[in-house]
Engineer: 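First the structure, which I've put down as structure tokens, then a few questions once you've had a look.
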Amino acid sequence: MWLGCGVTYAWLDAPATAVDQTARELLGWELSANDVTVRISEVEAYSGLGADPASHAHRGVTGRNEVMFGPAGALYVYQIYGMYFCANIVCGEVGAAAAVLLRAGEVTGGLATARQRRPAARRDRDLAAGPGKLMQVLALDRRANASSVVDGTGPATLRPPGRPVLDGDVASGPRVGVTAAHDVPWRFWIAGDASVSAYRRHVPRRAG
DNA sequence: TATTCGATCCAT
DNA sequence: TGGATCGAATAC
């Protein structure tokens with residue numbers, strides 16, 4: 001798809017069935033919002049309706065996941081644990097409800113602002129080393145839900161990497177924190193990147 | 001209407 | 001390892 005400004009977003013036209021490929025492709029892209037830029041270093045793919053029990057969309061449309069069923073390039077933002085926000089980029093055909101969760105990134109612009117927004121981060125590599133931290137650094141919350149990252153109308157803008165991330169530099173493994181589908185290796189990250197979030201296996205709150 | 005619990009983060 | 005904290009989703 002051609003969007004002007006000399007930028008093409010091939011993944012916008014990729015089918016929902018290839019959302020795992022889209023997820024890998026988004027590694028290295030730069031997301032800018034509110035004077036801070038992050039280079040995406042870790043993502044997770046979620047396929048839509050029915051197919052993926054870990055997906056917020058797998059039981060059908062609800063008030064929360066409605067955006068997932070819309071056009072690709074929109075942000076699906078949701079609140080987690082009552083205090084943090086996470087963002088997905090919607091992928092695939094309208095109605096398919098596939099999405100890529102943005103899990104971590106490296107701050108490549110607006111470093112001073114990013115540090116102010118995340119006083120708890122000791123090192124720069126920790127500034128956006130997690131989905132909630134990424135949103136804090138970019139100062140995005142539920143108001144960014146449903147906005148586009150590709151048409152310049154929303155608070156966040158996605159741009160291609162200067163140098164693409166090669167397949168050989170991409171590692172994969174099980175998704176973090178999900179209670180279902182542990183066997184699906186749909187978490188992707190840039191191998192060796194310091195800003196990749198620490199992996200911790202999900203532990204149910206009530207023993208089990 | 002009531003209850004449960006999460007695609008997290010941080011200090012201990 | 002556990003506590004914070006609240007709203008969407010699901011169970012009555």
Side-chain angles (χ1 to χ4, degrees), chain A residues 16 19-20 22-24 26-27 31 38 40-70 74-92 96-105 107 114-146 149 156 171-189 194-208:
Chain A
V19 64
D20 55 329
T22 301
R24 320 172 58 119
L26 286 172
L27 289 172
L31 187 65
V38 160
I40 298 169
S41 61
E42 182 187 357
V43 294
E44 281 174 5
Y46 288 87
S47 77
L49 195 56
D52 184 2
S55 168
H56 285 177
H58 91 107
R59 285 173 194 262
V61 187
T62 66
R64 180 176 66 164
N65 67 23
E66 162 178 38
V67 175
M68 294 180 76
F69 291 81
L75 281 183
Y76 161 49
V77 178
Y78 68 94
Q79 191 178 26
I80 185 72
Y81 293 101
M83 56 190 115
Y84 299 108
F85 293 93
C86 299
N88 297 246
I89 295 179
V90 176
C91 303
V100 173
L101 170 69
L102 306 178
R103 277 204 60 89
V107 175
R115 285 179 181 145
Q116 284 181 354
R117 289 177 183 161
R118 292 223 55 248
R122 306 217 166 191
R123 302 164 301 183
D124 288 347
R125 57 199 270 189
D126 301 322
L127 285 169
K133 303 174 189 175
L134 184 69
M135 292 296 274
Q136 240 172 280
V137 150
L138 295 173
L140 293 174
D141 58 24
R142 66 172 87 254
R143 291 171 297 180
N145 189 43
V149 294
S172 65
R175 293 173 292 188
V176 177
V178 302
T179 55
H182 274 275
D183 50 318
V184 182
W186 272 9
R187 169 181 177 240
F188 302 99
W189 65 94
S195 67
V196 169
S197 70
Y199 177 76
R200 285 221 289 240
R201 119 187 155 275
H202 181 266
V203 286
R205 266 197 178 187
R206 281 214 163 113

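Per chain, numbering begins at 1; letters A, B, ... match sequence-line order.
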Engineer: From A:E44 CD over to A:F188 CZ, what is the distance, rounded to the nearest 0.5 angstrom?
Structural biologist: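 Those atoms lie 9.5 Å apart.
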
Engineer: Report yes if the side chains of A:N145 and A:F85 come closer than 4.5 Å at any heavy-atom pair, otherwise no.
Structural biologist: no

Engineer: Using whole Å, report how far CZ of A:R64 lies from C1' of B:dA7.
Structural biologist: 9 Å

Engineer: Without decimals, in angstroms, what is the distance between A:R118 CZ and B:dT8 P?
Structural biologist: 14 Å

Engineer: Rounded to the nearest 0.5 Å, what's the gap from CG on A:L102 to CG on A:L140? Could you check?
Structural biologist: 10.0 Å

Engineer: Of all heavy-atom pairs between A:H58 and A:D52, which one has the smallest distance, and what is that distance?
Structural biologist: CB-O, 3.0 Å

Engineer: Using the C1' atoms only, state how far C:dT10 lies from B:dT8, rounded to an integer number of Å.
Structural biologist: 22 Å

Engineer: Just verifying a value: how many Å separate A:R187 CZ and A:R103 CZ, rounded to the nearest 0.5 Å?
Structural biologist: 6.0 Å

Engineer: Evaluate side-chain contact (heavy atoms from CB on, under 4.5 Å) for A:V107 paired with A:D124, printing each intermediate quantity in order.
Structural biologist: CA-CA 8 Å; A:V107 175; A:D124 288 347; over 6 Å; no

Engineer: Classify the side chain of A:Y81 and the base of C:dA4 as holding, or not holding, a donor-acceptor pair under 3.5 Å.
Structural biologist: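 Flag unset: no donor-acceptor pair detected.
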
Engineer: Please list, in numerical order, the residues of residues 126-134 of chain A that have a heavy atom closer than 4.0 Å to any atom of DNA chain C.
Structural biologist: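 Output list: empty, so none.
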
Engineer: Between C:dA11 and B:dA7, how far apart are the two P atoms, rounded to whole Å?
Structural biologist: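 Between the two P atoms, the distance is 16 Å.
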
Engineer: Are the side chain of A:D141 and the backbone of A:R143 linked by a donor-acceptor contact shorter than 3.5 Å?
Structural biologist: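 Yes: the side chain of A:D141 pairs with the backbone of A:R143.
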
Engineer: Expressed as a whole number of angstroms, how long is the span from A:F188:CZ to B:dA7:P?
Structural biologist: 19 Å

Engineer: For A:R187 and B:dT8, what is the distance between atoms CZ and P respectively, to the nearest whole Å?
Structural biologist: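 Atom CZ in A:R187 sits about 11 Å away from atom P in B:dT8.
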
Engineer: With side-chain contact (heavy atoms from CB on, under 4.5 Å) as the test, would you mind laying out the steps for A:Y78 and A:N88 before giving the verdict?
Structural biologist: CA-CA 9 Å; A:Y78 68 94; A:N88 297 246; 3.7 Å; yes

Engineer: Could you give the distance from OG (A:S197) to CG (A:D126), rounded to the nearest 0.5 Å?
Structural biologist: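 It comes to 11.0 Å.
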
Engineer: Could you tell me how far apart A:Y78 (OH) and B:dC5 (C1') are, to the nearest whole angstrom?
Structural biologist: 13 Å

Engineer: Rounded off to whole Å, could you give me the CD1-to-C1' distance for the A:I80 and B:dC10 pair?
Structural biologist: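 Checked: the CD1 to C1' distance equals 16 Å.
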
Engineer: Base, sugar-phosphate, or nothing for A:Q79, non-hydrogen atoms under 4.0 angstrom?
Structural biologist: sugar-phosphate

Engineer: All N/O contacts under 3.5 Å from nucleotides 10-12 of chain C to the protein, with atom names and distances to one decimal?
Structural biologist:
unit_1	atom_1	unit_2	atom_2	d
C:dT10	OP1	A:R59	NE	3.0

Engineer: Please give, in whole Å, the distance from C:dA8 P to A:H58 NE2?
Structural biologist: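 Spelled out: NE2 on A:H58 to P on C:dA8 is 18 Å.
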
Engineer: Can you tell me, in whole Å, how much space there is between the C1' of B:dC5 and that of C:dG2?
Structural biologist: 15 Å

Engineer: If you compare all heavy atoms of A:A57 against all heavy atoms of A:A97, which two are closest, and at what distance to 0.1 Å?
Structural biologist: CB-CB, 3.6 Å

Engineer: Could you tell me if A:R175 sits above the aromatic ring of A:Y46, with its cationic atom closer than 6.0 Å to the ring centre and no more than 45 degrees from the axis?
Structural biologist: yes

Engineer: Report yes or no: is the ring centroid of A:Y46 under 5.5 Å from the six-membered base ring centroid of B:dA7, with the two planes under 30 degrees?
Structural biologist: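 The base of B:dA7 is stacked with A:Y46 (centres under 5.5 Å, planes under 30°).
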
Engineer: At less than 4.0 Å, is any side-chain N or O atom of A:R122 found next to OP1 or OP2 of B:dC10? Yes or no.
Structural biologist: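 So the side-chain polar atoms of A:R122 never come under 4.0 Å of the phosphate oxygens OP1 or OP2 of B:dC10.
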
Engineer: Please report the interatomic distance CZ(A:R118) to CD(A:Q136), rounded to the nearest 0.5 Å.
Structural biologist: 5.5 Å

Engineer: Out of B:dA7, B:dC10, C:dT5, which nucleotide sits closest to the side chain of A:L101?
Structural biologist: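 Closest nucleotide among those given: B:dA7.
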
Engineer: Can you tell me how far P of B:dG6 sits from CZ of A:F85, to the nearest Å?
Structural biologist: 19 Å

Engineer: Counting Watson-Crick and G-U wobble pairs whose two distances are both under 3.5 Å, find the runs of 3 or more in a row that involve DNA chain C.
Structural biologist: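 Runs of three or more consecutive pairs: B:1-6 with C:6-11, B:8-11 with C:1-4.
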
Engineer: Tell me which of A:R142 and A:Y84 sits closer to the 5' end of DNA chain C, going by the nucleotide each one is nearest to.
Structural biologist: A:Y84

